Structures are given as structure tokens and as C-alpha cells.
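Note sheet for the following structure.
Each chain gets a letter, A, B and so on, in the order its sequence line appears, and its residues count up from 1. Since the structure is predicted, the reported quantities are computational estimates derived from the model, not experimental observations. Scope of the values below: all heavy atoms of this structure, side chains included, with no hydrogens, waters or symmetry mates.
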Amino acid sequence: MAKLTKRSENYSQWYNELVVMADLAEQSAVRGCMVIKPYGYSIWEKMHEILDRMFKETGHTNAYFPLFIPKSFFSREADHVEGFAKECAVVTHYRLRTNADKTAVEVDPEAKLEEELIVRPTSETIIWNTYRNWVKSYRDLPILVNQWANVVRWEMRTRLFLRTAEFLWQEGHTAHATKEEAMEEADKMVHVYADFVENYLGVPVVIGRKTENERFAGADETFCIEALMQDGKALQAGTSHFLAQNFAKAFDVTFLNKENKPEYVWATSWGVSTRLMGALIMAHSDDNGLVLPPHLAPIQVVIVPIYKNDEQFAMISERVKDLCAKLKAAGISYKYDDRDTQRPGFKFAEWEMKGVPVRLAIGPNDYENSTWEVARRDTLTKESVSDANIVEHIKTLLEDIQKNIYKKAYDFRAAHTYKVDTWEEFKRVIEETPGFISAHWDGTTETEEKIKELTKATIRCIPLDAEEEEGVCVYSGKPSKRRVLFAKAY
RNA sequence: CGGGGUGUAGCGCAGUCCGGUUAGCGCACCUGCUUUGGGAGCAGGGGGUCGCCAGUUCGAAUCUGGCCACCCCGACCA
């Protein structure tokens with residue numbers, strides 16, 4: 001296996017190589033679309049499984065809506081079309097035929113669709129069109145539905161996990177009788193995301209509101225969680241939208257309230273995608289490869305045997321089998337790497353590349369002494385641990401690693417978050433020491449766009465916990481009541 | 001969609017300028033032996049419509065024309 005490019009040499013190249021070398025994903029034959037490989041998919045499955053549980057604990061159920069959306073649905077909500085029109089894949093025909101000399105297939109011009117179908121870039125329209133029939137009375141509300149699906153956005157430039165033409169995600173779409181309830185739902189879900197990303201991915205996030213300019217197309221309010229990557233760029237890790245009555249009005253979804261008066265339904269939508277994989281990778285990994293937080297690692301412990309002959313291998317395997325039974329009982333996921341086609345050094349490097357949190361090695365010496373060599377991925381340190389309390393040790397160690405990974409990311413973010421009060425300093429920080437910039441802003445889209453044009457930094461969010469504080473806009477000098485968070489973003 | 005670049009074995013490349021043996025190298029792969037506590041060594045071996053189509057020529061990976069695909073940088077974006 002080749003060597004990974006160092007982060008300090010070329011961060012972007014490091015990321016691209018890591019994704020491939022850790023066996024997470026690869027480019028497919030289709031432009032902009034990736035193949036998620038089994039190891040990468042097993043991490044996504046963990047995310048799916050945990051999030052799904054959290055959604056259900058907060059009262060949601062899963063459903064499934066069509067991949068295709070009639071073109072006309074898109075014209076219903078003006079802002080929504082505006083936001084997605086430029087990146088839609090369109091189905092125009094439904095049949096192929098072999099060409100004249102039978103050497104290839106071509107689109108059958110006879111088989112043109114009456115109305116083109118759009119491959120969903122998001123499902124608000126098809127779902128709200130459906131909800132019209134589901135909602136008649138206040139008794140039908142709320143609707144708390146989530147969908148796990150793939151969506152397509154025809155991006156100009158793509159990168160594995162961070163931005164692909166097709167990606168996997170979940171999208172929650174809820175319907176409520178009152179504005180307050182919908183707002184509460186949007187707020188609740190952004191906190192569910194924050195909880196998930198911080199406690200499982202081990203990535204600290206800032207919870208905030210988007211500026212009007214950065215809002216989801218069709219939303220009256222967009223909440224988000226923003227994370228900081230190791231190169232000082234921000235990554236939006238999840239969003240939750242308060243859609244007001246925009247889609248209800250566009251699709252004529254009304255209900256009769258207790259006073260027998262018709263009212264439009266209030267909506268939210270919220271989603272996270274396979275982009276979280278990108279966040280996970282970029283937040284923790286190092287020059288040796290992926291670093292996975294134990295709460296999300298498909299394999300928490302890998303065991304590598306070291307032996308010179310079949311007899312030793314058989315002996316050691318017995319000891320490993322005993323341990324595996326104990327690990328299983330303790331609810332720890334493990335893999336015994338008993339391949340005799342690879343040597344130990346190769347396996348060490350490979351499992352490091354794949355980010356397995358804990359590696360055990362056992363050779364004739366350990367067998368003799370009833371010990372295990374325990375190596376942790378996050379710190380790359382090794383120690384010898386007695387067989388007598390190995391399971392307890394691993395249990396504690398996994399929790400330690402989870403905490404340590406989070407702390408490392410938290411400290412990194414703290415060290416790369418700057419309170420800035422002058423324009424000169426703003427420009428210098430963006431150029432020289434990228435990270436989050438906490439600064440005053442006059443609240444206008446004009447200033448926001450000017451700053452973006454000059455520095456490429458955008459307002460990531462207005463943090464929910466931003467304190468009231470009199471100040472002046474870092475660019476325009478006009479008065480401001482609170483600081484917002486700027487950064488260059490993915 | 002603008003600018004730049006690249007297509008030669010699974011991957012990474014040399015060869016192309018200046019046409020001429022059987023198209024070569026590294027990694028990966030296969031076989032054997034020795035190895036195995038941090039990415040093994042030696043020996044042998046397999047694998048190619050040189051992106052596609054046409055043209056020039058005795059002869060094209062190499063020259064000419066057309067086409068296609070992909071990558072990188074911008075604008076757009078979860």
C-alpha cells in the first residue's frame with residue numbers, strides 16, 4: 001500500500017487519498033457519483049441506525065415517497081424552484097431501442113413523456129402534494145414522518161462524500177397545526193443532530209440560525225449545526241428548516257381547526273446526509289489514516305495474531321477465541337484478523353488506515369505471559385495489559401478514546417475561533433490562520449455578500465447562544481447587537 | 001459554463017517533440033522457497049483494441065482532423 005499524503009503538504013489531496021485508501025468509497029463510472037464501499041457503508045449504517053433510533057425516540061416514523069417528481073410540482077413554490085432549478089436531473093423518455101445497425105441502444109424518440117419527471121433533489125414538493133390528502137382536520141396533526149432516501153443534485157464539482165451528484169440522506173417532513181409547534185419541532189431536531197454529531201461522531205458543533213441569504217429555498221428560518229475541520233474550514237453538518245405555511249399554501253394543504261375554520265398547515269423539514277462521513281473523516285483523522293470514534297466504529301477492536309508456525313497459530317487462536325466470546329458478551333464489536341496471507345506489520349498499517357480505535361496483538365511472548373499488547377489509534381500509543389482484566393480495560397479505553405477524540409476536536413476549535421473587531425484583523429485571520437471568526441455584522445445581505453466577495457468567508461450561522469452585545473459591524477461600522485460566526489466553508 | 005490539463009496493463013507513470021525491433025518501468029496480481037513482534041526478500045510468471053473515429057505513410061502510441069471522457073482551478077452548492 002502506498003503512503004498517504006501528509007495533511008500539512010496538501011490537505012485536500014490527503015482527504016481524497018484517505019477516503020480511497022481507508023476503503024470507504026471510490027469514484028464510479030458515473031460522473032460525480034461515488035461507490036460507497038462495504039467498510040464505508042458500514043459506518044454510514046451505524047449513523048443510520050443511531051439516528052433512526054433517535055428519530056423514533058422523538059416520535060417520528062419512517063415512510064417512503066417516489067424518486068420522481070412531476071416537473072409541474074416544482075413551479076408551485078417560487079423560492080424553492082429558484083433554489084434547485086439549476087441542479088436537477090430530468091427524465092424525458094421511458095424507453096430505449098437498438099439503433100439502425102444494431103450496434104448500440106438509443107433513446108426512443110417515440111417514448112417521450114407527456115410531463116418530464118425530476119429526480120428528487122429533495123422531497124418537499126412530492127410530500128406536501130401527498131399531505132394534502134392526509135390532512136383534513138386538526139385531529140390528523142401532527143404528521144411526524146422521516147424518509148431515508150437518495151437524492152440527486154447535479155453539482156458542477158464533486159468530491160467523495162462532501163459533494164456528490166447523488167447522495168444518501170434522511171429527510172424529515174413534519175406538519176403541524178400551529179406555528180409554535182412547528183418552530184419547536186425545527187428547534188428540537190437541530191438539537192437532535194447536535195447531540196448525535198457531538199456524542200457519536202465526536203465532533204463539536206455550533207448550533208445556530210442561517211442568515212436570510214443562506215436559508216434553505218422555501219424556508220422562513222433555517223437552523224444548522226456547523227463544525228470546524230482541521231484545515232480551518234467550516235462544514236455544515238445538518239440543517240432543520242421552519243417552512244412556515246409556504247408549502248401548505250403552494251400545495252393547498254389545509255385543515256379545519258376546532259372552530260371549524262380552515263387553516264394552512266405549518267411545516268418543517270430537516271436532514272443530514274452522507275456528507276457527515278466527510279465531517280467524520282476531516283475532523284479526526286491523521287497522517288496515518290482514518291481515526292474513528294468508538295461510538296461509531298463498525299469494528300471497535302481488531303486482534304492481530306503473531307506467530308511463526310501452525311502450532312503457535314493454533315495456540316494463540318484458542319486464546320483469542322476466549323477473548324472474542326468475552327468481548328461479544330460485553331457488547332464490544334471486534335474482528336480477529338486471522339488472515340495468513342498478510343504479515344503483522346501490514347495488518348497494523350492497514351487497520352490504522354481504517355481507523356479501528358483499539359488494536360490488540362498477541363504473540364508467543366504475550367501468550368507465555370498471559371498479556372495483550374494494546375494499541376490505541378487516537379494517540380498511537382501501546383501498552384501491555386494482563387489477560388485477567390483485559391475486557392474491563394478495553395471498555396474503559398473505548399470510552400477514554402471517545403472522550404479524547406472529542407476533546408481534541410474541541411480544543412482545536414477553541415484554538416481556531418477568533419473574536420475579531422476590525423476589518424484588517426478579519427482579513428488577516430482569514431488569510432493566515434483560518435477558523436471561525438466571531439464578529440459583529442450589521443444584519444444586511446449587502447454587507448454579507450461584500451464580505452464573501454472580498455474574503456470568501458460566509459456567515460456560517462448566528463449562534464443560538466449568542467449574547468446580546470452592543471458593537472459595530474466589522475465591515476460597515478454600522479451598529480450590531482450580537483456577534484455572528486464567519487468562516488470559509490465546504 | 002469560463003480557464004488549464006490528462007487519456008498507454010487494476011493503479012501511478014515513461015515513451016509522443018524528431019514515425020521504424022517483440023510498447024517499457026514501479027506498485028498491485030499469480031507460483032515457489034525463505035520469512036512473520038511495524039507496510040518482507042529472492043527467483044520465476046501472467047496481463048495492453050496505446051480514449052474513439054477517420055486521414056497521411058511502406059510503416060502510427062508517435063503526424064493531421066474530428067469526437068468523447070475524466071481531472072484540477074473559478075462561478076453554484078447538503
Side-chain angles (χ1 to χ4, degrees), chain A residues 1-4 10 12-13 16-17 20-21 26-33 82-88 103-104 120-122 149-171 193 210 213-217 219 222 224-227 234-241 269-279 288-289 304-310 312-313 316 337-353 359-369 371-373 375 380 382 384 452-453 456 458 460 489-490:
Chain A
M1 211 183 286
K3 263 263 187 201
L4 185 63
N10 185 338
S12 173
Q13 191 178 336
N16 291 337
E17 288 179 8
V20 172
M21 288 169 71
E26 62 189 28
Q27 296 287 356
S28 73
V30 184
R31 191 204 77 98
C33 296
E82 178 79 15
F84 288 101
K86 283 177 286 183
E87 50 187 34
C88 286
T103 54
R120 63 182 166 216
T122 180
N150 58 339
V151 288
V152 169
R153 296 182 188 175
W154 213 264
E155 300 290 350
M156 291 301 172
R157 294 194 53 219
T158 59
R159 286 186 80 188
L160 294 175
F161 290 120
L162 293 175
R163 187 175 303 109
T164 47
E166 180 193 14
F167 56 93
L168 305 183
W169 78 345
Q170 58 69 216
E171 44 181 331
Y193 288 153
K210 284 293 186 192
N213 190 40
E214 296 271 337
R215 255 178 225 153
F216 176 76
T222 288
C224 64
I225 50 174
E226 293 285 331
L235 185 86
Q236 179 175 305
T239 49
S240 179
H241 315 291
S269 70
W270 29 273
V272 296
S273 72
T274 36
R275 185 180 231 203
L276 282 177
M277 295 285 291
N288 294 308
V304 176
I306 297 160
Y307 53 91
K308 293 200 194 317
N309 52 51
D310 288 354
Q312 280 183 359
F313 178 59
I316 286 167
D337 187 354
D338 60 354
R339 288 175 295 176
D340 63 355
T341 52
Q342 310 293 351
R343 295 160 71 262
F346 180 93
K347 292 178 184 176
F348 293 167
E350 181 174 88
W351 292 114
E352 254 158 40
M353 183 64 76
R359 182 186 74 231
L360 302 184
I362 174 169
N365 299 341
D366 297 293
Y367 186 87
E368 209 50 45
N369 304 331
T371 56
W372 300 85
E373 182 194 86
L380 295 167
K382 291 191 272 200
S384 185
K452 183 179 180 183
E453 182 193 321
K456 288 182 183 163
T458 51
R460 301 321 303 155
Y490 274 95

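The backbone N or O of A/Arg460 sits nowhere less than 3.5 Å from a side-chain atom of A/Thr458 that would complete a donor-acceptor pair. Of the possible donor and acceptor atoms, one in the side chain of A/Tyr193 sits under 3.5 Å from a partner among the backbone N and O of A/Gly271. At least one donor-acceptor pair under 3.5 Å links the side chain of A/Asp366 to the backbone N or O of A/Gly363.
A/Leu162 comes within contact range of at least one nucleobase, with a heavy-atom separation under 4.0 Å. A/Ser12 comes within contact range of no nucleotide atom at all, as no heavy-atom separation falls under 4.0 Å. Residue contacts shown for A/Ser273 include a base, since a base heavy atom lies under 4.0 Å away. No engagement by A/Lys210 is indicated, since no non-hydrogen atom pair under 4.0 Å with the nucleic acid exists. In this structure, A/Lys308 reaches the bases: a heavy-atom distance under 4.0 Å links it to at least one base atom across the strands shown. Within 4.0 Å (heavy atoms only), A/Asp340 reaches no atom of the nucleic acid at all. If you check every strand for non-hydrogen atoms under 4.0 Å, A/Phe167 touches a base.
One can place CD1 of A/Ile306 at 17 Å from P of B/U35, the figure rounded to the nearest angstrom. Across the protein-nucleic acid pair, A/Gln312 atom CD and B/U36 atom P stand 10 Å apart, rounded to whole Å. Atoms CG (A/Leu4) and C1' (B/G39) sit 13 Å apart, rounded to a whole Å. Put simply, CD on A/Gln236 is 6 Å from C1' on B/A78, counting in whole angstrom units. In this structure, A/Leu160 places its CG atom 14 Å from C1' of B/C70, rounding to the nearest Å. If you measure from atom CG of A/Asp366 to atom P of B/G38, you get 12 Å, rounded to the nearest angstrom. One interatomic measurement links the two molecules: NZ of A/Lys456 to P of B/A75, which rounds to 6 Å at whole-angstrom precision. For the pair A/Glu26 CD and B/G10 P, the interatomic distance rounds to 14 Å; values are reported in whole Å.
Out of B/A75, B/A78, B/G37, the shortest distance to the side chain of A/Glu373 is found at B/G37. Side chain of A/Ala349, nearest nucleotide from B/G37, B/C76, B/G39: B/G39. You'll find that the side chain of A/Glu350 is closest to B/G39, out of B/C76, B/G39, B/G37. The A/Arg275 side chain lies nearest to B/A78 when the options are B/G37, B/A78, B/G39. Here the nucleotide nearest the side chain of A/Pro344, chosen from B/A78, B/G38, B/G37, is B/G37. For A/Phe346, the listed nucleotide lying nearest its side chain is B/G39; candidates were B/U36, B/G39, B/C76. With B/G37, B/A78, B/G38 as the choices, the nucleotide that has an atom nearest any side-chain atom of A/Lys382 turns out to be B/G38. Between B/G39, B/G38, B/C76, one nucleotide has an atom nearer to the side chain of A/Lys452 than all others, and that is B/C76.
For B/G10, the paired nucleotide is B/C27, the pair qualifying as Watson-Crick or G-U wobble because both relevant distances are below 3.5 Å. When both distances must be under 3.5 Å, the Watson-Crick or G-U wobble mate of B/U62 does not exist. Across all strands shown, B/G5 is found opposite B/C70 as a Watson-Crick or G-U wobble partner, with both distances under 3.5 Å. Partner assigned to B/U22 is none, using Watson-Crick or G-U wobble distances below 3.5 angstrom. For B/G39, there is no paired nucleotide, since no Watson-Crick or G-U wobble pair has both relevant distances below 3.5 Å.
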Please test A/Arg159 against A/Ser12 for side-chain hydrogen bond (donor to acceptor under 3.5 Å, both in side chains), starting from the C-alpha separation and ending with a verdict. CA-CA 10 Å; A/Arg159 286 186 80 188; A/Ser12 173; 3.2 Å; yes
Audit row: A/Asn150, A/Glu166, side-chain hydrogen bond (donor to acceptor under 3.5 Å, both in side chains) steps and yes/no: CA-CA 7 Å; A/Asn150 58 339; A/Glu166 180 193 14; 2.9 Å; yes
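Side-chain atoms of A/Arg359 and base atoms of B/G38 include a donor and an acceptor less than 3.5 Å apart. In this model, no side-chain donor or acceptor of A/Lys347 finds a partner on the base of B/G37 within 3.5 Å. Donor-acceptor pairing under 3.5 Å, judged by distance alone, is absent between the side chain of A/Gln342 and the base of B/G39.
Comparing the same atom, P, in B/C42 and in B/A60 gives a spacing of 40 Å after rounding to whole Å. Spacing between B/C29 and B/U62 at atom C1', rounded to whole Å, works out to 30 Å. Nucleotides B/G47 and B/G10 place their C1' atoms 10 Å apart, quoted to the nearest Å. Taking atom P in both B/G24 and B/C70, one finds a spacing of 31 Å when rounded to whole Å. For the P atoms, the distance linking B/C25 with B/A9 amounts to 14 Å, nearest Å. For the P atoms, the distance from B/G51 to B/G12 is 14 Å, rounded to whole Å. Comparing the same atom, P, in B/G66 and in B/A28 gives a spacing of 42 Å after rounding to whole Å. Comparing the P positions of B/G3 and B/G55 gives an interatomic distance of 32 Å, to the nearest angstrom.
In this structure, A/Arg159 does not reach the B/C71 phosphate: none of its side-chain N or O atoms is under 4.0 Å from OP1 or OP2.
The number of heavy atoms from other shown groups lying within 6.0 Å of CG (A/Asn309) is above 12.
Between A/Thr222 and the choices A/Glu214, A/Arg215, A/His241, the side-chain hydrogen bond (donor to acceptor under 3.5 Å, both in side chains) rule is met once, by A/His241.
Judged by closest nucleotide on RNA chain B, A/Asn365 is the one of A/Asn365 and A/Phe216 placed further toward the 5' end. Between A/Ala375 and A/Ala165, it is A/Ala375 whose nearest contact on RNA chain B lies nearer the 5' terminus.
The cationic group of A/Arg359 lies under 6.0 Å from the six-membered ring centre of A/Phe348 and within 45° of the ring axis, placing it in a cation-pi geometry.
Both geometric conditions, a ring-centre gap below 5.5 Å and a plane tilt below 30°, are not fulfilled together for A/Phe348 over the base of B/G39.
A salt bridge links A/Lys210 with A/Glu226: the distance from a Lys NZ or Arg NE/NH1/NH2 to an Asp or Glu carboxylate oxygen falls below 4.0 Å.
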